[in-house]
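In what follows, a single structure is set out as structure tokens and then discussed.
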Amino acid sequence: MPDFAIPEDVRPEDGYVGRRMPRIEDRSLLRGEGGFVDDVPVKKGTLHAAFVRSPHAHAEVVAIDASAALAMPGVFAVVTGADMAAETDPMIVGFENPIDYYGLAVDKVRYVGEPVVAVAATDRYRAEDAADLIRVTYNVLPAVVDPVTACEPDAPKLHPRSDSNCVSKRHFVHGEPDRAFAEAECTTELTIRYPRNSITPMETYAAVVEANSETGGFDVLSNFQGPFSVHTVMALALRLRTAALRHRSPKNSGGSFGSKLVIFPYIVVLCVLARKARRPVKWIEDRLEHLSASSVAPNRVTKVEAAYTKDGTVTGLRLTHWDDHGAYLRAPMPAPIYRMHGVSTNGYGIRHLEVTNHIVSTNKCPTGAVRGFGGPQLYFAVERMMQRIAVLTGQDPLDLIRKNLITADMFPYKAVAGSLLDSGDYHRTVDETVEQGDLAALKRKRDAARAEGRLYGIGYAACVEPSQSNMGYISTVKTGRERERAGPKDGAVASVTVAVDALGSVNVIGDSVPQGQGHQTALAQIVADQLGLTPDDVVVALDTDTAKDGWSIAAGNYSCRFAPASASAAHQAATRVREKMARIAAANLNVPADNVEFTDGNIHAANNPDNAIPFYRIGGLAHWSPSSLPDDVEPGIRETAMWNAPELTPTTAKDEINTSLAYGFGFDFCGVEVDPDTGVVTVDRYVSAHDCGTILNPGLAEGQIRGSWASAYGATFLEEFCYEEDGTFRSGTFAEYLVPTAAELPDIRLVHPTPHPSPYTRLGAKGIAEGNQYTTPVCIANAVADALGIADIRLPLRPARVLEWLQGEEPPPSAAVAPDEAAGEPARPTIDGSGEMQVPATPEQVWALLLDPERMARIVPGCERLEAAGDNSFAGTVVLGAGPVKGRFEARIDLTDLERPHRARLVGAADGPLGSSRGSGAFELAAQDGGTLVRYRYSVELSGKVAAVGGRMIRGAARQLIDRFLRALVREAGGEATDTPPRGLAGRLRRLAGGRT
Amino acid sequence: MKPAPFDYVRPESIEEAVAALAEHGDEARVLAGGQSLMPMLNMRLVRPEILVDINRIPGLAGIDDEGDCIAIGGAVTQGDLADWPDLAATLPVVADALPHVGHFQTRNRGTVCGSLCHADPSSELPLCLALLDGGIELRSARGVRTVSADEFQQGILTTAKAPDELAVRARLPKARQGERFAFREFHLRHGDFAIVAVAARRAGDAVSLAVGGVADRPEVCHWESLPDDAVDDALNDLAWALGGSDDIHATARHRRQLVRHLGRQAIAATAGNRAAA
Amino acid sequence: MKRLNRDGRYPVRFTLNGMPEEGFAEPRMLLTDFLRQEIGATGTHVACEHGVCGACTIRVGGKAVRACLMLAVQADGAGIETIEGLTEPDGSLGPLQQAFHENFALQCGFCTPGFLMTLSEYLEKNPDPTVEEIKVALSGNLCRCTGYHEIINASLDAAKAQRERRRQQD
Ligand SMILES: Cc1cc2nc3c(=O)[nH]c(=O)nc-3n(C[C@@H](O)[C@H](O)[C@H](O)COP(=O)(O)OP(=O)(O)OC[C@H]3O[C@@H](n4cnc5c(N)ncnc54)[C@H](O)[C@@H]3O)c2cc1C
Ligand code: FES
Ligand code: FES
């Protein structure tokens, strides 16, 4: 069977929408003929960009020396923060705030991986060579990574225009929460810490940028995903008329999940670079860049308080959020927390709500859109709370959920914070899921497991799934007065164009910027149905071009916009085409236009199929014979729908906001078992149901659910961007940031509940792609809480963490293992050590040695050069590393508090392309047994590349170096070092086993 | 993520390879399967002046049964060894460990000797080498020497191999009559480096346990006899003595627990499993 | 002994899906970059350049390997197969591609070349795999879109189709 034929079983009588039609996109992708940014040929002479990035979480940029790089053959230009500040304006966000953001660091770096210098050279290899030659001098500052700590008055400050890292704080009262809490029979609270993650698409950021001398602007090709409101942000930053910034996206994009929104600051920087280099510039982000510095979902701390009756009816909710946006706010941040504001009460009939939002800056990668967009954080708090209340009121969590869900007769339901829940029957969905997913069997299984003493738990989670965002909701971050001043913002315009040419071929273009969801296929299905054609008669081109397409600010691929918005726009445009063609045909068929039908490539009278004219003939007439058209019909056939929904109204004076157009409903339950020996949580069964109204193509829809499940599973168990307290970044590779593979991922049972189509979208469709981001993490967390009987569950569920919850005291070692040998280093950003060592020389001799640069040069591992740099200071070059991993560092050591020949303190710093290290230490010398007993203490921090990618080995490698130094010291003093690791360990093991090793 | 510049040589014999290494010493790096070296080159963590590609040296290709030992040539891939029909009978613990070394695509290129030379403390093959007390034959322009596992593996990414030396083969002692082996590993994802891996051998009353992923290299503990009721205490002490540290994937405490848990499983398994024929 | 200087560009010749190809590479050029930029075979994708994601998987001498962990100069003289070679001579989809298509086993398609080339060797070695075996075989390939379920189903279908085809050929 040729792949371009539609299989028989999807050739329906009553339309293609709803059919499991295989994807049109596959035809090129499966042949290796996709068109991703990096596949598109570029002009000869196009340069490639690379970035110099910060190794520090927080530091002043003291100096940048790019002269060596610029002297390199093949290097055309460098751009620094100073250039950006001179040539561009800060990139705006949706509200007044104290952050100036230019895409490159200006004066200060504020997170590890922050771009500091951009360089353009003939190819990427040379661009990286050049980046290596650029010397940046930093003055390191203290950093802050925890959003709650960051709000304290004495926390290090990130932005000079603000005296607090809390860059926005808003307090919302809906209903009468104070009264609800005062009158409540019961109240309880819980604090949630939701981790940082993102979905790290397989294709990274990619852009090609060229200056356009006709417009004075730029032509950009990139995998930017929208919203196109951000196009304005780029143009304003570049001081351009918006029309002079032409943006195109190619036909394929390798996934985004939100992340490809925040390629935009790079586009701005690349434009400046291209202008300076006077050549087109291409940049393909690499994976290390993506993981450290693209964009992540905000991590969040939430204090959730609930007021409820003794029987578990929740009457009031208080949510205090500290939303951690990292170093900068980039449009449309802090949108996630506001996108979910309207559904803060989830699907429950809670009428009293208080919300406090702290938007916080910390020394971490800035945030952006990530699938789920504020939902995982919110629902984790709310649904954990529901489980807690069930425990505290002694009832089944599912009964509690049922008790509080709004009922079918309440739709459309206006939630207390403003969301207008359009349709659904949540109880029915729950019942169908329980039935089809066989909850009864799962409960029996749990009881049996528990009877055997196993740790087995069941969890539930419900969620309202918003889709098609109201472009106005972000204004909720402003006060009512500020909003009035700025003017109203609302709606979400979607655009699709349908055109019929002179031979009756149909072209469709649209603004949905697909990232793999199969939009081409779904749009072909929708348009084919309207025009009585097959999807193969419809050619859908979804590459975009801001200079030519119909688009508006809401264009793009985000917040499950396609099914409600783009599908509606396509339906509308195709309907208009149909109406126009019907009128032309009607004149030819001699019937009224409303009596015309489109079937199998023909247009015919409804009551007489033989009175027909081929579809292509009408296309021909419209183009070849305008004179033959009815009087008021324009020639040609091309209809652009700009579709919007009137329900998307602006934020009210009372801060109520209908953040989205259509709201689906998801309900999951699961059974998990915890292994008490390893801390491993196994998902034994997972059942998931989504009522998303009309399903356009079940193959596509299920793919979205399973894909969302996979990334949510990752967020639950594996994925986290880890930072040390000092801002050191630890998750720099795909071996540190762990993405689930086919081997880990359990299967899920999908339940298909009765759909409740949206009354507000043209096909009744709602979004479906984000549901499991909301339900899965908390559903599994609730099951673990059930299994272990604990309240405080933190993600990701690393076995090491679960083990701590499970086990009390660890069995201590026997006397055979001396306490100081029972090593085990705690999680601290620093590598600490202390010890003592006998050196065969007098204290005076040892002292002299330690202050003699020539002899020190022989002791310091990898020392190439060491000179006195003032009193009691040394400077030099060292080559440090482990095995083949080596780097040249510029090092400086200062000795202070000298008490010759007894004690001194030392402070050192080393900087090189592999990263930076800061350390301090102290030693004491005491005469003993004709030699000297040296007591030492040290503490070393590592940051930058090697800390981000060296994960597992960094501590050991650093200890190994220090050990080498100490042995060399003994040797230099004329002795022979003996019992230091790893030999020490061997001796220990021998002693343990009472024999040989 | 592109390598810094380097020269490249492709010797066709062991002699040519050691001559190239002798000429360039510390500036040179052997390129075997590249499954560890290439990522380090791409990240510019390693910047050799010259790469010596040993993939086309016929003299490094064979797996030989030398009677007491199996000798595995320097260019033999992990995949070649896994497919070698005599593996399970002669090196049962290696047969159990190999499927855990990365993925079949990385085993298609990654070599056995490359894994040993790379000396990652969590690697499975160095763990097997340590348990079996195997050796590495190192060739240089200065001569040939064989180094025992204990001497060879010194610490994180650090071995006794001098920069001008080429590992021409690894020798792994064959399982002897009555010896029983077991291998266990804990990882977060299939194919990842182990968080903790253990390999056990029982010969009569004597029990050896090699532990990877905790100390700076695989460590072996040997008990002349280890009665069942002494296992838990012995493993607890071993777990504490090995130290280990926290990283983003696991804590020191979790590692100790895994030493106790996997150690117990592996030792128990040697009581019943996989007796060498 | 072949010796290449860091500043030079050297001819690299191999067969790509049965056809001879030639280009020039510096010693440090990765095979992925050579395929995509020198030869123009952009079907092979690059997503991590440190060996973890499997997107760049191709077959060299029949073996599925990470092309980002090989130098172009190492491929000189080799026989290389990529996703472009899976299509049938008449332009229709090969059995692996067809199974992916029918099962909705791709979304963005960025990981797909790696999965296909991984399976192309694996299913030759193990023509009748179990689900568990497939999961392990695919564990070196990351996909962020699909959740793997459909890829596993497609793998089973492809294995079946290939067994059938072989039976017919015998
Ligand atoms: C995704 C992925 C997962 C992995 N998972 C694991 C795992 O779970 N467990 C595991 O153990 N490994 C794992 N590895 C690493 C493993 O695959 C490597 O093969 C192995 O560590 C190195 O072998 P190689 O032949 O590839 O050596 P190379 O990478 O070529 O070289 C490694 C080092 O050894 C030196 N060297 C190599 N051969 C010789 C020789 N003959 N003489 C002298 N020096 C030599 C090189 O100069 C270099 O410094 C993984 C790798 C990847 C990419
Ligand atoms: S790009 Fe080669 S494995 Fe990821
Ligand atoms: S289909 Fe997009 S990553 Fe696999």
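Reminder, nothing fancy here: chain letters follow the sequence lines and each chain counts from 1.
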Salt-bridge present ([X], [Y]; N to O < 4.0 Å):
X: A/K260; Y: A/E203; result: yes
X: A/D26; Y: A/R23; result: yes
X: C/D128; Y: C/K160; result: no
X: C/E102; Y: A/R20; result: no
X: A/R685; Y: A/D668; result: no
X: A/R124; Y: A/D286; result: yes
X: A/E719; Y: C/R144; result: yes

Go through the steps to decide whether A/D129 and A/R126 satisfy the test salt bridge (charged side-chain N to carboxylate O under 4.0 Å, His left out), and finish with yes or no. CA-CA 5 Å; A/D129 294 347; A/R126 272 165 191 73; 5.6 Å; no
Where on [X] is there a heavy atom nearer than 4.5 Å to chain C: the side chain, the backbone, both, or neither?
X: A/Y713; value: neither
X: A/Q704; value: both
X: A/S256; value: neither
X: A/T733; value: both
X: A/N772; value: neither

For chain C, which of [options] has the most heavy-atom pairs under 4.5 Å?
options: A/D747, A/T204, A/I705; answer: A/D747
options: A/V949, A/I284, A/N252, A/D38; answer: A/D38
options: A/G34, A/A735, A/P201, A/P740; answer: A/P740
options: A/Y125, A/F734, A/F257; answer: A/Y125
options: A/A743, A/G707, A/G32, A/A742; answer: A/A742

Residues from [range] approaching chain A under 4.5 Å (heavy atoms):
range: residues 68-88 of chain C; answer: C/I83, C/E84, C/T87
range: residues 22-35 of chain C; answer: C/E26, C/R28, C/M29, C/L30, C/D33
range: residues 56-63 of chain C; answer: none

Among the options [options], pick out the one with the most heavy-atom pairs lying under 4.5 Å from chain A.
options: C/Q107, C/E150, C/H50; value: C/Q107
options: C/G43, C/C53, C/C143, C/S139; value: C/S139
options: C/E49, C/H45, C/Q37; value: C/H45
options: C/D90, C/T146, C/L106; value: C/L106

Counting only heavy atoms closer than 4.5 Å, note whether C/F104 contacts chain A via side chain, backbone, both or neither.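 Side chain only.
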Please look at C/Q97 and chain A and tell me whether the side chain, the backbone, both or neither of the residue comes under 4.5 angstrom of a heavy atom of that chain.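 Its backbone and side chain both get close to chain A.
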Test salt bridge (charged side-chain N to carboxylate O under 4.0 Å, His left out) on C/R9 and C/E38; report intermediate values, then the result. CA-CA 12 Å; C/R9 279 166 57 79; C/E38 281 287 310; 3.7 Å; yes
Is any side-chain heavy atom of [X] closer than 4.5 Å to a side-chain heavy atom of [Y]?
X: A/L29; Y: C/T112; answer: no
X: A/Y737; Y: A/N197; answer: yes
X: C/R3; Y: C/N5; answer: no
X: C/E133; Y: C/T130; answer: yes
X: C/Y122; Y: C/P129; answer: yes
X: A/W709; Y: A/L745; answer: yes
X: A/P777; Y: A/F717; answer: no
X: A/S253; Y: A/Q225; answer: no

Going by the rule side-chain hydrogen bond (donor to acceptor under 3.5 Å, both in side chains), which residues pair with A/S731 if we only count those two or more places apart in sequence or in a different chain?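 Per chain and number, A/S731 pairs via side-chain hydrogen bond (donor to acceptor under 3.5 Å, both in side chains) with no residue.
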Check step by step if side chain to side chain donor-acceptor pair (under 3.5 Å) holds for A/Q773 and A/S711. CA-CA 7 Å; A/Q773 309 305 130; A/S711 50; 2.9 Å; yes
Strictly by modelled atom types, are C/T118 and C/N141 linked by a side-chain donor-acceptor pair under 3.5 Å?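 Looking only at side-chain atoms, C/N141 and C/T118 do form a donor-acceptor pair, the distance falling under 3.5 Å.
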Does one side chain, of A/T521 or A/E25, offer a donor that lies under 3.5 Å from an acceptor on the other?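 Side-chain D/A pair, A/T521 to A/E25: present.
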